[in-house]
Amino acid sequence: MPERPTLEGLEARWGAWWDAEGVYRFDRGRTRAEVFSIDTPPPTVSGSLHVGHVFSYTQTDCVARYQRMRGREVFYPMGWDDNGLPTERRVQNYFGVRCDPSVPHDENFAPPTDPAEPVPIGRRNFIDLCLQLTETDEQAFEDLYRRLGVSVDWGLTYTTIGERCRRVSQRAFLRNLARGEAYQAEAPCLWDVTFRTAVAQAELEDRPRQGALHRLAFARSDGGGDILIETTRPEMVAACVALVAHPDDDRYRPLFGSTVRVPLFDTEVPVLAHALAEPGKGTGIAMVCTFGDTVDVTWWRELELPVRPIMGPDGRMLAEPPDALASAGARAAYAEIAGLTANGARRRIVELLAHSGALVGEPQPTSHAVKFFEKGDRPLEIITTRQWYLRNGGRDLPLRKELLDRGTELAWVPEFMGTRYTNWVEGLNGDWLVSRQRWFGVPIPVWYALDDAGRPQYDRVLVPAEDSLPIDPASDAPPGYEESQRGKPGGFTGDPDVMDTWATSSLTPQIACGWEEDPDLFARTFPMDVRPQAHEIIRTWLFSTVVRAHLEHDSLPWRRAAISGWVLDPDRKKMSKSKGNVVTPVGLLDDYGADAVRYWAARGRPGTDTAFDESQIKVGRRLAIKILNAARFVLGLAGATDRGDTPAAAAGAVTEPIDRALLAKLGDLLDGATEAFEAFDYARALERTERFLWDFTDNYVELVKNRAYRDGDAGASARAALQIALSAQLRLFAPFLPFTCEEAWSWWQQGSIHRAPWPQRAELPDAGDPAVLAAASEVLGRVRRAKSEARRKLRTPVTQAHVTAPPEFLEALTAAQGDLCDAGNIVDLALSPSTDGEGPTVESRLAAE
RNA sequence: GGGCGCUUAGCUCAGUUGGUUCAGAGCACUUCCCUUACAAGGAAGGGGUCGGCGGUUCGAGUCCGCCAGCGCCCA
């Protein structure tokens, strides 16, 4: 035990010791009922760390440590989410390159130095750079989490681009395919023109954009005049396939079934009825284009309209007009916009429309919501492409019902988060689009047979054997084919796409638990006990994981979801790199230590956003120092520091009423902290424990300190109670302040505190009446106040303290009289029962200066 | 436009089934104290009509309704 306890150096010492001792190593000899398994979120390894990373992981770690002390064998793996677009983007910026699959592989490739323009490089070189950078990033992340004391088993790690994840992702996909849950379709899908990939409904966000409403005149084919529509996307007029109005709209009801002519392009389109048309919006009748927005897709599908595509995957108008634009005038008009971006085409079309007289009045500025890919910065377009989909209840109601039931079956912390799941599932409007036109991801593990003309036959999907996974259809040949047949008539071609990153992330329970690869482990860990995660990815990560487990295992992936809040900056804005308000955790760990930072994180309630507040970290540091000092005091008392001196051995010695009162209070704390932890409310457990500690040191320790120094039974009683209380409190704090508590524990106990039993009331000796301690604390406080108000030293003798209080209070006080007089330096304690039940009041007469 | 959550001391936040224990904690602020566990400390103190309005109730920070502001999710 050091002379002067300090927090410095604890992280390095105990971190290394935990590693060497395997304190957090998973023992797979235990049965499922004895295991507590955690589906740790694999953080996106983007190279930058911020306090959000330490916030939620600390919260989960506190629960993990509690469960471990309760005797559960904790299965606590860690993954790194490195596949997908964030890594690609980071590699592009970091190395100044861009992936171009048409560039051949360069065996001796070295990243460019200081390129002016992004250098195009081949797919394999690009992937190599991704792997290289993520490895560095992952080391930085592991260092951070180790430093923070997160008690994961570092022998259980995975990366989402790693071989195991590719194998599991591909196997799960092939199972989905075999059961008909995965299917391909040529259909309109949301498309990011910057990244040139399809995106899923779950990855959308609305952003307000300034636009203009253009009023356009469509001439009725019967010569009965014009119909006016309003649109913010006049450039889409070439792709117009119909006009729609609400079926109950009397203004347009007579026109349903008739046709109009599209301005400039002179195609004839029908006027139709659909309930989604809003009579109050604009003129109450809208043009349907293929495709201007998602409602167009609905109209197109439900009204069985033709497709007239004009938008290309690069965000520019296709070079050739759709076939329906047959007239010379139409083709000439289209030539004006071919190859232009949406904005450029809009400007040109507006000029043409104005010139033709079809534009009525001036465009009116308007603000409207536009759909964006959450990681993109140009509006999404809708393009018809062949993509892979996974059934998720978006299109079939029985499955949706089953998934809604799963949401109910799942235990949510906090409960109201379940509503977000329900809302999301109920709002699904299509299946899950899982294919992405990207490179750094898990390849879709299929090939297509080519016909005699060398064209892919998409209905002839060639699949690999499961035991050959993972495969890359770009370099592996399908069963029954030779590599030489690639791209040849009668040969095969690989699917060029990768899966959505969520298609891998949705399998983290299967990946971590060894699905189909380690049946013994799987049986001991799956379904998992808890999925900790943040609330904004309920619609993506949580939901998709439920979908995969439901389809594959007909079960939930975990029993419970523990949803964490966000760290907000002090102005209550979400921290984000783009806002430049990110607080990096490494500096905080340097300045205050891991336990102090953990304390701040553990105070954040489940599901509740927390504004970053450095002053709370200081409080955590003070708390940790206080614990060390309190331990030093208790263990510095005679006979207390013999190693292995267990509280149980000292139990019989607790005889004094005030000492037994402390144990009563401690018993309540143990019940309360345990109850809170069982409900995943680590923050409440911490709050209760912390409150107890300060009361313990401020009042109980001060009251019994003098007696504890003395020999004899009375002194032994105090020392025993102090040790029992210290032992329990160290263990109560251990989940929150693992370094501090391990340090103090090591001063007198064998083994790691993190494998010590969670303290419970049953281990305490018979307790007394808590009123004794409460009464003594109360009077001691009054005496201190009298001294403080008189501006005297706390040591100042009190010649007489006169307490007037109800008889029960006085009775309790009497039981602690000796300690009270010692602590308050009270010469004479006079007690008077109050007749009216009032009190206590304390008159303190201080000795002259 | 719909759903969910939040609004309590200058700041950050607790207040679990409505009742002397519910108006609290910490930070900040003021005063005092180097008392032998702790000065990177300790003791004490001032500070809030619990967002607004209305309702249920013997009694509402707590339940209900409406409104306002903030945040998130969705349309």
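In the text below, chain A, chain B and the rest are named by the order of the sequence lines, each starting its count at 1.
Partner Phe736(A) forms a ring-ring contact (aromatic ring centres under 6.0 Å, His included) with one of Tyr682(A), Trp600(A), Tyr66(A), Phe677(A) and no other, that one being Phe677(A).
Searching all strands for a Watson-Crick or G-U wobble partner of rU49(B) with both distances below 3.5 Å returns nothing. Pair assignment for rC70(B) gives rG5(B), based on Watson-Crick or G-U wobble hydrogen-bonding distances that are each under 3.5 Å. Figure legend. rU16(B) is base-paired to no nucleotide; pairs are counted as Watson-Crick or G-U wobble with both atom distances under 3.5 Å. Using the Watson-Crick or G-U wobble rule with both distances under 3.5 Å, rC63(B) pairs with rG55(B). Across the strands present, rC32(B) finds its partner in rG42(B); the criterion is a Watson-Crick or G-U wobble pair with both atom distances under 3.5 angstrom.
Nucleotides rG5(B) and rG10(B) place their P atoms 27 Å apart, quoted to the nearest Å. Separating the P atom of rC70(B) from that of rG15(B) is a span of 25 Å, rounded to the nearest Å. Taking atom C1' on both nucleotides, rA43(B) is separated from rC38(B) by 14 Å, rounded to a whole Å. Separation of the P atoms belonging to rA39(B) and rC34(B) is 14 Å when rounded to the nearest angstrom. Rounded to whole Å, the separation between the P atoms of rG51(B) and rU12(B) comes to 15 Å. When the C1' atom is compared between rA75(B) and rG55(B), the two are found 33 Å apart, to the nearest whole Å. As rounded to the nearest Å, rG47(B) and rG52(B) have C1' atoms that lie 23 Å from one another. A distance of about 10 Å separates the P atoms of rG26(B) and rA44(B), rounded to the whole Å.
Rounding to whole angstrom units, CG of residue Leu623(A) and C1' of rA37(B) are separated by 15 Å. The interatomic distance linking Asn706(A) (CG) with rU36(B) (P) rounds to 12 Å, in whole Å. When rounded to the nearest whole Å, the span between CG of Asp695(A) and P of rA43(B) equals 11 Å. Arg792(A) places its CZ atom 24 Å from the P atom of rG42(B), with the value rounded to the nearest Å. One interatomic measurement links the two molecules: CG of Asp609(A) to P of rG71(B), which rounds to 12 Å at whole-angstrom precision. Atom CH2 in Trp694(A) sits roughly 8 Å away from atom P in rA43(B) (whole-Å rounding). Between Glu789(A) atom CD and rG45(B) atom P the separation is 7 Å, expressed in whole Å. The distance between atom CH2 of Trp424(A) and atom P of rC72(B), rounded to the nearest whole Å, is 17 Å.
Note on Thr697(A): a base of the nucleic acid sits closer than 4.0 angstrom, heavy atoms only. Heavy atoms of Lys705(A) sit under 4.0 angstrom from at least one base atom. Looking at heavy-atom distances under 4.0 Å, Glu702(A) makes contact with a base. Within 4.0 Å (heavy atoms only), Arg605(A) reaches sugar-phosphate atoms of the nucleic acid but no base atom. Within the 4.0 angstrom heavy-atom criterion, no nucleotide atom of any strand lies near Arg782(A). Residue-level contact check: Arg622(A) touches the backbone only, with heavy atoms under 4.0 Å from sugar-phosphate atoms and none from bases. Lys793(A) comes within contact range of the sugar-phosphate backbone alone, with a heavy-atom separation under 4.0 Å but no base atom that close.
Pro585(A) and Val51(A) make their closest contact through CD-N, 4.0 Å (heavy atoms, listed as atom of the first residue, atom of the second, distance). Taking each heavy atom of Leu428(A) and Gly393(A) in turn, the nearest pair found is CD1-C, 4.4 Å.
For the pair Arg4(A) and Asp206(A), both in contact range of RNA chain B, the more 5′-proximal nearest nucleotide belongs to Arg4(A). Remark on RNA chain B: of its neighbouring residues Ala630(A) and Asn423(A), the 5'-side contact belongs to Asn423(A), judged by nearest-heavy-atom nucleotide.
The backbone N or O of Val798(A) sits nowhere less than 3.5 Å from a side-chain atom of Lys787(A) that would complete a donor-acceptor pair.
Comparing atom distances between the Arg795(A) side chain and each of rU35(B), rG5(B), rA37(B) picks out rU35(B) as nearest. Comparing rG45(B), rA43(B), rC13(B) by their closest approach to the side chain of Ser788(A) singles out rA43(B). The Asn429(A) side chain lies nearest to rA75(B) when the options are rC72(B), rA75(B), rU12(B). Across rA14(B), rC72(B), rC4(B), the shortest atom-to-atom separation from the side chain of His535(A) is found for rC72(B). In this structure, of rU35(B), rC73(B), rG42(B), it is rC73(B) that holds the atom nearest to the side chain of Arg420(A). In this structure, of rA37(B), rC13(B), rG5(B), it is rC13(B) that holds the atom nearest to the side chain of Ala611(A). You'll find that the side chain of Tyr709(A) is closest to rA37(B), out of rA37(B), rC4(B), rC13(B). The side chain of Arg785(A) has rA44(B) as its nearest neighbour among rA44(B), rG41(B), rA75(B). Nearest nucleotide to the side chain of Asp613(A), out of rU12(B), rA40(B), rG3(B): rU12(B). With rA40(B), rG26(B), rA75(B) as the candidates, the nucleotide lying closest to the side chain of Val619(A) is rG26(B).
Applying the 3.5 Å distance criterion, the base of rU16(B) shares a donor-acceptor pair with the side chain of Arg688(A).
Salt bridge status for Glu843(A) with Arg845(A): absent, with no side-chain N to carboxylate O gap under 4.0 Å. A salt bridge is defined here as a Lys NZ or Arg NE, NH1 or NH2 lying under 4.0 Å from an Asp or Glu carboxylate O, and Glu614(A) with Lys618(A) fails to meet this definition.
Checking the phosphate oxygens (OP1, OP2) of rG42(B), a side-chain nitrogen or oxygen of Lys626(A) falls inside 4.0 Å. The shortest distance between the side-chain N/O atoms of Arg691(A) and the OP1/OP2 oxygens of rA14(B) is not below 4.0 Å.
Glu536(A) and Trp566(A) share a side-chain donor-acceptor pair at under 3.5 Å.
For Phe633(A) and Phe696(A), the distance between ring centers is not under 6.0 angstrom. Here the two rings, on Tyr421(A) and Trp412(A), have centers that are under 6.0 Å apart.
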